[in-house]
Amino acid sequence: MHIEQIEENVRHLLLNSNQQSFIYDLLLAYGKPKTSVSRLQSTGPGSYNLSKVPGQVLWKKTVLYIPTAESDLHAKLEEALSSQAVSRNQPRFIIVTDFNDLAAIDTCTRERLNVPFVELPNNFAFFLPWDGREKDLPIKENQADARAAEKMAKLFDILKVDNPANDPESNHALNVFLSRVLFCFFAEDTGIFDKDLFTLKVKGHTLEDGSDLPSYLTTLFRVLNTEDRSKVPSYLVEFPYVNGGLFSDEHPVPKFSKHARSILIECGAELNWSEINPDIFGSMIQAVVDVDKRGSMGMHYTSFENIMKVIKPLFLDDLNAEFERNKNNSKRLHELVLRISKIKIFDPACGSGNFLIIAYKELRKLEMEIFKRLDEINKQSDLGMSGVRLSQFYGIELDDFAHEVALLSLWLAEHQMNLVFHERFGRSEPTLPLKPSGNIVCDNAASADWRAVCDNTMPDPVFVLGNPPYLGARNQTREQKEDLRQAFNDHEDHKDSDYISVWLLKASRYISGHNSSFGFVSTNSICQGEQVSYIWPRVWNEGLELHFAYQSFKWSNNAKRNAGVTCVIVGVRNISNAPKTLYSDNIKTTVANISPYLTEGSNICVERTSTIISDLPVMMIGSMARDGKQLIMLEETKDEILAKYPQAQPLFKRLTGTNEFISGVFRWCLWIEDSQLELARSIPPIAKRIDAVYEFRMASSAKTTNQYAKIPHKFAQRLFKNQHSIVVPATSSERREYIPVGYLEPGVVITNSANAIYDASPFVFGIVSSKMHIAWVRSIGGQLETRLRYAPEIVYNTFPMPKVKEETKKAIAKAAMAVLAEREQFPDKSIEFLYDPDTMPVSLKCAHDRLDREVDKVFRAKAFETDQERLEFLFKLYERITEAEVA
DNA sequence: TATCCGACAGGTC
DNA sequence: GACCTGTCGGATA
């Protein structure tokens, strides 16, 4: 909608609306869809209005509207702003009005509006975000980078077509060529060369058909590598001596077509390379070279924000604190400058070098602050140039092109910092000739000797950092499995560990006993569920400890498509008395110890086990179909078959996984005994499905699945028993206070997306449903991103519980039955509704509270106040029980 | 046989 | 396109 139109709408509404419909008319004026607004206006089920207060309107993410008779609109607004409803539903605007005045706040930008009601049309722009318009949209930091990367991708594609060779040497030559050209573009836009020198020369000196471009560029690159200027041909004399290794070896320059030449010139002429961030651009350009990675361009480069989360606690905060402490001590500041010049930074999975580049820039920035301070306190300062050298930066990268780009980007970063330095202090070292770049090695970090790349046996500190590759155990290549096997010294734990474990274990051995520490961005999987006991005891064995950590946060960067993973940051050092810091949602807490689950607590790891450490009955995972979507179907599909073939009735069973149980919409499955196979085969649509299962299982890459092709009429894993069952969701939303557990009639098949206890008492239902148990699941269980994951061998078999007296069991069973009875009070509501924290009925909540109190009594007489209390108790108990077992 | 996980996957607003 | 929440089957014991 046009802005003028919106303004007109708002003026119109003021004349024609009444108080009852004002908010709806206002939303319509900004182009909100009629259907949505009428759902907002409606009452009862399906309404968008989440407010429980009559007259008020709360539309998730959009608005909280409060009409009031009170005169103090401002107070009302503040009250609303801090309410739970607002923090939970995050309405973009809060509007309070008595129809004389109107007060509003934009909860995103914190802008406020306070105007007489009739003045609304003159302030209509305030609510434009409803229409998707932001007032001052910050320019996305990577726009220039993305444009440049796309242009380079185009050039790269054409060169590939014109130069089809695909051997490692030609690929390397092309990689080197691209990095040299990138340098030239950058150089001509940032003052290393004269303005536009490279582009103008190429345009003016070479033939339009591109035929002489290779020989021209070969000569030019040679000139850039020639110190003795007397040997330079006169037409290239404006180009300076560059060196630094970038142009030192001769590699063949690819052939150019007319089209390729024109794109090369466009790259130089149309893009402003001075706007490029070497840190991010490197990752973008790296993706260009790997055509398979184009779709996920830049997906795995670490954002500036996340890099800072590693760098600050790893070393920068300390340096800053040292600076602050000694602001008036010239001697100490000089020492600090010296100290900075001796630090080594090592990224053993450096990609195109963005961690190293940002670390470099941050150290230069701090150094400049110190210089500035020294200039202030010493009238005559004798400071020279920067002491920070690119040679303090080390990296290992498997990909040849990425490693070339890393070297190049470090030079670009150095030049950028030199420009800043010059601006501030009026002096700087010349960028040319280039000094040695970082020590970036092209190798597999998983097998390379890190100490040979970066020696950390000297007294100077080495900080290891980075974002190594993550890959779950089921998705690893044979080579990656081999890397893991070696990192785990042949121990079988390697088989279920994420690929990043290689870096964690190698880094642990590397820093152990030396003046080193490490900080990695990692998948959060290493701090949950089964993997905890594989990795962390090995880290502690090296005499190490976690000294800072960020709890789970969603991966994000500015790439078009983001990787789907939730991350943590772990900082590990040799054991020390210095403080430890835990970060969550940017809240920083100093703690006594950081547990491997990244909570405040001791270093206990809960180990996966197939034996139950309490007296509870067996819980098993549900039945797994591996059917290629043939044996499981919706109710309507089953009914269609039955309408035509009523004799198929005994072949079907009701089926539930987690989703079915929680939403209340069960599916059906073909559950065919061998004795029924003939009947099944006689029904064409069923026979067809059985054949399709056969095909699917034969086509699978997994040998075990192939084997099940022999029984295509059956589920691959059949744990079903025709008994009452307790169903426990295997993956469920962390937003719920409880994991909803169900009690099912016999005859329902539970799938492998849920777990089952057959023929169990209400007492067991009570235990599994309790706060005590869920606190355990939350803290030590695995997670899918941040969903709760319930795996029997991790959270059920390990749940520590004292022997329970019969009398207590009865009380728990009674309270458990009361929870079930309370659910029965809402027969038309799904579990989803009943357990949504926004809609959970108070009576059900009370029934759970009573159950929780009964379960608490199993552990101690005094009721637990918080989950933290519960966990401390459980961990102590777990330790006692498992130690007793060992003894 | 039985299992825990996923630089996710798939539906909804 | 952001938000919400759990499928499905591999790899390995």
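No experiment lies behind these values; they were computed from the predicted model shown. We name chains A, B, ... by the order of the sequence lines, and we start the count at 1 in each one.
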Peer 1: Taking the same atom, P, in C/dC3 and in B/dA7, what whole-Å distance lies between them?
Peer 2: 22 Å
Peer 1: Under 4.0 Å, heavy atoms only, any strand: does A/Pro33 hit a base, just the sugar-phosphate, or nothing?
Peer 2: nothing
Peer 1: Quick one: label A/Lys554 by what it contacts on the DNA or RNA (base, sugar-phosphate, nothing), any heavy atom closer than 4.0 Å.
Peer 2: nothing
Peer 1: Does A/Arg608 have a side-chain nitrogen or oxygen under 4.0 Å from the phosphate oxygens OP1 or OP2 of B/dC4?
Peer 2: yes
Peer 1: Does B/dG10 have its OP1 or OP2 closer than 4.0 Å to a side-chain nitrogen or oxygen of A/Lys629?
Peer 2: no
Peer 1: Is the closest side-chain donor-acceptor distance between A/Asn306 and A/Lys309 under 3.5 Å?
Peer 2: yes
Peer 1: Within the 4.0 Å heavy-atom criterion, would you say A/Gln783 contacts the bases, only the backbone, or no part of the nucleic acid?
Peer 2: sugar-phosphate
Peer 1: Indicate whether OP1 or OP2 belonging to B/dA7 is found under 4.0 Å from a side-chain N or O atom of A/Ser522.
Peer 2: no
Peer 1: Base, sugar-phosphate, or nothing: which does A/Thr704 touch, judged by heavy atoms less than 4.0 Å apart?
Peer 2: base
Peer 1: Checking all strands, does A/Arg718 fall into the base, sugar-phosphate, or nothing category for heavy-atom contacts under 4.0 angstrom?
Peer 2: sugar-phosphate
Peer 1: Where is the tightest heavy-atom contact between A/Met620 and A/Pro792, given as atom of each residue plus distance?
Peer 2: C-CG, 4.5 Å
Peer 1: Within the 4.0 Å heavy-atom criterion, would you say A/Arg39 contacts the bases, only the backbone, or no part of the nucleic acid?
Peer 2: nothing
Peer 1: Can you see if the side chain of A/Arg789 gets near the phosphate of B/dT3 - specifically, an N or O under 4.0 Å from OP1 or OP2?
Peer 2: no
Peer 1: Look at all strands and tell whether A/Pro469 reaches a base, only sugar-phosphate, or nothing, counting heavy atoms closer than 4.0 Å.
Peer 2: base
Peer 1: For A/Arg787 and for A/Asn755, find the nucleotide of DNA chain B with the closest heavy atom, then tell me which residue's nucleotide is more 5'.
Peer 2: A/Asn755
Peer 1: For a quick check of understanding: with a heavy-atom distance under 4.0 Å over all strands, which category does A/Gln717 fall into, base, sugar-phosphate or nothing?
Peer 2: base
Peer 1: Heavy atoms under 4.0 Å, any strand shown: does A/Asn467 hit a base, just sugar-phosphate, or nothing?
Peer 2: base
